Structures are given as C-alpha cells and as structure tokens.
Trainee: 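Provided herewith is a single structure, encoded as structure tokens, for subsequent inquiry.
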Number of protein chains: 2
Amino acid sequence: MDRRIKKNQTAIMNALIQLMTEKDFEKITINEIAERADVNRGTIYSHYADKYDLMDKCLEAQLQQLIESCSVVVDETESNPSKSSLLRTLELLEENALFYKTLLRNKALLSFRNQLQDMINKQIKAQFLENNLTLDELSKDISVQFLSSAAVGVIEWWFTHSNPCTAKEITEKLWSLLDTNLQMIRSQA
Amino acid sequence: MDRRIKKNQTAIMNALIQLMTEKDFEKITINEIAERADVNRGTIYSHYADKYDLMDKCLEAQLQQLIESCSVVVDETESNPSKSSLLRTLELLEENALFYKTLLRNKALLSFRNQLQDMINKQIKAQFLENNLTLDELSKDISVQFLSSAAVGVIEWWFTHSNPCTAKEITEKLWSLLDTNLQMIRSQA
DNA sequence: CCGGTTTTGTTGGTTTTTCAACAGATGACT
DNA sequence: AGTCATCTGTTGAAAAACCAACAAAACCGG
C-alpha cells in the first residue's frame, strides 16, 4: 500500500481514538478529526464515507491488531509464548480501554467476544498438544471449552469493571488459574 | 506551508537527528534516512540537494527552535519566566545532546555561541529593567556583559563535558549564581 | 421559528509524493 | 583488477493529498 495512504489512515484513526477518549462520539466532528490528525478534511472523505464508516473501519483495524497480538508469537525464545501473547493482548486492551469500552458496549461486542474466545481456544489447544495429553477427543474438547470460556469471562469482567487491576496482574492470576487446571487435567489423563 | 511538506521535512530531520545519535554522520546513507523517516527517497532530494545540505538545514532549524525556546515566554503566570525559558533551552540542548555535540564541534559553534549569548544578554537586560536599577549606562552594559559571558561559559562547560548533571540542576545552580549577582548589583545601585 | 454559524459532503485544479527505472559512482571483497 | 552489491542522483508518469470554494444540511441562541 502507498505509504501516504498508510500514514494518513493511521493518523486519522488515532485521532478518532484519541478524541473518543475525550468526548462523546456524536459530539466529534470530521473537522476535529482532520485537525487532530493534521490532515486535510477531504482526505478523510477520500477514505471513508462518513464518521460512522470511519468508526467501523477503525474498530475493525483495532480488532485485527488485537487478534494478531494474540496469535503472533514475537519472540521464540520467550519462556512462555502463550502467556506473553495473552499479556500483550490485554495490554493492548488496557491501552485504549476507553475507546474499546465505548465501542464494544453497543456493537461488535459479540463478534469481538467470539473472536477472542476463538483465539484463546486455539492457544489452549496448543497447550494441550504441547503437553502431549492422551485424552479422548470429547474430554479434550470439553476441557478446552471449559477453560477458554472461563478465560474470556474473566477478561470480560476485568475489562468492563473499571480497572480493578493492571493487565500484568490479571494476566498473572488468570494464567495461574489456567495452569493449575492444566496440571489437574494432566494428572488425571 | 503545505502540510505535506511540513510533515515530511520534520520527519526527515528527525530521522537524521536520530541516526546521528546512533552512528557517524559519514556512515549514514540517504536510504537509511528515507527509511527511518518513512518517506520516499526522492522526497528527500526534492527538498535537499544532498546529505550535507540536509544537515545544514537541520542544524539551522534546530538552532531556530533553540532560539525561540529561549526568547518566547510560554506561560505568563510562571513564577519566573526568564528562569523557566532558560531551563527549557537547556532541556532542548540536553535532549539532542549527541546531535548538537557532533555538529557544533565542527561548524556553527561560534555562530551558535553568539546567538546564545545574544539571547541571554536580552534576558538579563530584561531582568535589569524589571528591577528598575538606577545604574548609569556604562555600568549596566558591563554588568550585563559580565553576567551573560559567565552564563554562556557555564552552559558551554556543561554541554561539552559529558553530562556532569541534568538540565534542571545546572539551571538551578546557574540561576542562583546570577540571582545573587543581581542582588549584589541592586544593593550597590 | 428565524437568522447566523458551523458542519457536511463534493468538486476541480494544483502541488506534492510515490514508485520504478535508470546510469553512474562508490566501496568492499577476492 | 574485476565483480558484486549498494548508494546516488535524476527522470517521468501515476496516485494521493492539498486547498479553496460551493450548496445543502444541521445546529443553536434569541
């Protein structure tokens, strides 16, 4: 993609996110966004139909980033890749918490929840494989579903309640819960 | 000025400054600068003849910024405007110390020194006016020259010796020296 | 509800940037 | 000395962003 487009789009989206943490979405004007992004107003219209379209694309891009943070393993030498990508995801959530909260409240909450659960599902499945668990298919599926639901629920709780703790703390606690469960399942297999 | 030009120029200059703190100027290529600035290589050539021209313009712009930081009073309610603009200037110097050191060593050192002394001269004169000192013209001029030379000398010493202390500290000490001198002069007037 | 101000979305002409391609220079390595 | 890779500076055409201007819509205070 042309670097001009890329740079302007991120500038515009960041401007919107920033403004959304400051005031109500409906009160935000295209003019403000253009000004904040240091971009001509026309440029915004060349990329997005209107405020709402911009919002959609913005949310989409953010979710994509979140998904990637969850699935991509940055550092192979990491002591615990799954845990650190979980932490990275929660830190991203934490970073733009206000933005996500205002957006996820209305729309996309379900799709987001599903995507998140999907990712966590995969991570947990990967953990199962790594540990060479000799479980029958059914027990494994149930356990995976059990743990991923639990995890998503905790994340949702952490996220909707205003900052009960930091991303690092919640990751630690959540991870130890998941870990002890894995240990249990392993010992029973 | 067209916002595209402004944005690209600052990106290019910042890229150069950043690179100069990392490696020798001669080892820096236009390609690297373009990459770091996230700008097409051709764009650099559309603004600057070559690396050296870019360097010149860059230094010029930085000095301008420094001069402005020294003369502009940001906050009228500041308890001590002159002192805080001195601090701001030294902080700017501190921020890009590596860049300035490499540049000022060779060229522009004298012009920079003169400009800096000019500014400090003005600030000190302003202090004299503020304090309503009833001195004859000659005594005043001498005192101003005395104090500004002293100040510039201290700043130069601070800057060329590698970080003997922070901008904040040197500002405090330098200011108290200047202040006691002012007091003295005032009491004698 | 009216008049003034702001915002919106669109247009057209201009400027800037981008990209890819080029030939020549430079420099490192054998 | 020769080869290879990289860097330089330049070109031209295409894409994008700029700006100013516009009419219509939305908003707001009196």
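Given the structure is predicted, the values throughout are model-derived calculations rather than measurements. These numbers come from the heavy atoms of this one structure, side chains and all, not from hydrogens, waters or symmetry mates. Chain letters run A, B, ... following the sequence lines, proteins first and then strands; every chain starts at 1.
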Trainee: From the set D:dC18, C:dT8, D:dT8, return the single nucleotide nearest to any side-chain atom of A:Asn31.
Mentor: C:dT8
Trainee: Do any side-chain nitrogens or oxygens of A:Asn40 fall under 4.0 Å of OP1 or OP2 in D:dA17?
Mentor: no
Trainee: My understanding is that only one of A:Thr89, A:Leu93, A:Ile170 makes a side-chain contact (heavy atoms from CB on, under 4.5 Å) with A:Ile155; could you say which?
Mentor: A:Leu93
Trainee: Where each residue is assigned the nucleotide of DNA chain C containing its nearest heavy atom, which of B:Gly42 and A:Gly42 is assigned the position nearer the 5′ end?
Mentor: A:Gly42
Trainee: Checking contacts here: which listed nucleotide (C:dT7, D:dG9, C:dT18) is nearest the side-chain heavy atoms of B:Val39?
Mentor: C:dT18
Trainee: Does C:dT10 have OP1 or OP2 under 4.0 Å away from a side-chain N or O of A:Tyr45?
Mentor: no
Trainee: Assess whether side-chain contact (heavy atoms from CB on, under 4.5 Å) is satisfied between A:Lys7 and B:Val39, documenting all intermediate values.
Mentor: CA-CA 10 Å; A:Lys7 281 193 279 187; B:Val39 150; 3.8 Å; yes
Trainee: Could you walk me through whether A:His47 and A:Ile5 pass side-chain contact (heavy atoms from CB on, under 4.5 Å), step by step?
Mentor: CA-CA 9 Å; A:His47 291 300; A:Ile5 298 181; 3.6 Å; yes
Trainee: Is B:His47 close enough to C:dT16 that one of its side-chain N or O atoms is under 4.0 Å from OP1 or OP2 there?
Mentor: no
Trainee: I need the CG-P distance between A:Asp38 and D:dC19, as an integer number of Å.
Mentor: 9 Å
Trainee: Assess whether one donor atom and one acceptor atom, taken from the side chain of A:Arg4 and the base of D:dA17, lie less than 3.5 Å apart.
Mentor: no
Trainee: Let me know the distance between NZ of A:Lys51 and C1' of D:dC27, rounded to the nearest Å.
Mentor: 13 Å
Trainee: NZ of B:Lys6 versus C1' of C:dT16: gap in Å, rounded?
Mentor: 15 Å
Trainee: Rounded to whole Å, how long is the line connecting atom CD1 of A:Ile30 with atom P of D:dC19?
Mentor: 17 Å
Trainee: Identify, between B:Lys27 and A:Ala49, the residue whose nearest nucleotide on DNA chain C lies closer to the 5' end.
Mentor: A:Ala49
Trainee: Could you check whether A:Glu172 pairs with A:Lys83 (Lys NZ or Arg NE/NH1/NH2 to Asp/Glu carboxylate O, under 4.0 Å)?
Mentor: yes
Trainee: How many angstroms lie between atom CZ of A:Phe99 and atom CG of A:Leu16, to the nearest 0.5 angstrom?
Mentor: 6.0 Å
Trainee: Starting at CG of B:Asp2 and ending at P of D:dC18, how long is that distance when rounded to a whole Å?
Mentor: 7 Å
Trainee: Do any side-chain nitrogens or oxygens of A:Thr29 fall under 4.0 Å of OP1 or OP2 in C:dT6?
Mentor: no
Trainee: Whole angstroms only, please: what is the CE-C1' distance between A:Met1 and D:dA17?
Mentor: 15 Å
Trainee: Just to confirm, is there a sub-4.0 Å distance from OP1 or OP2 of C:dT17 to any side-chain nitrogen or oxygen of B:Asn8?
Mentor: yes
Trainee: Using only modelled atom types and a 3.5 angstrom limit, is any donor from either the side chain of B:Arg3 or the base of D:dA17 paired with an acceptor on the other?
Mentor: no
Trainee: Please give, in whole Å, the distance from C:dT10 C1' to A:Ile44 CD1?
Mentor: 15 Å
Trainee: Rounding to a whole Å, what distance do you find between B:Arg41:CZ and C:dA20:P?
Mentor: 12 Å
Trainee: Taking the minimum atom-to-atom distance to the side chain of A:Lys7, which one of C:dT10, C:dT17, C:dT18 wins?
Mentor: C:dT18
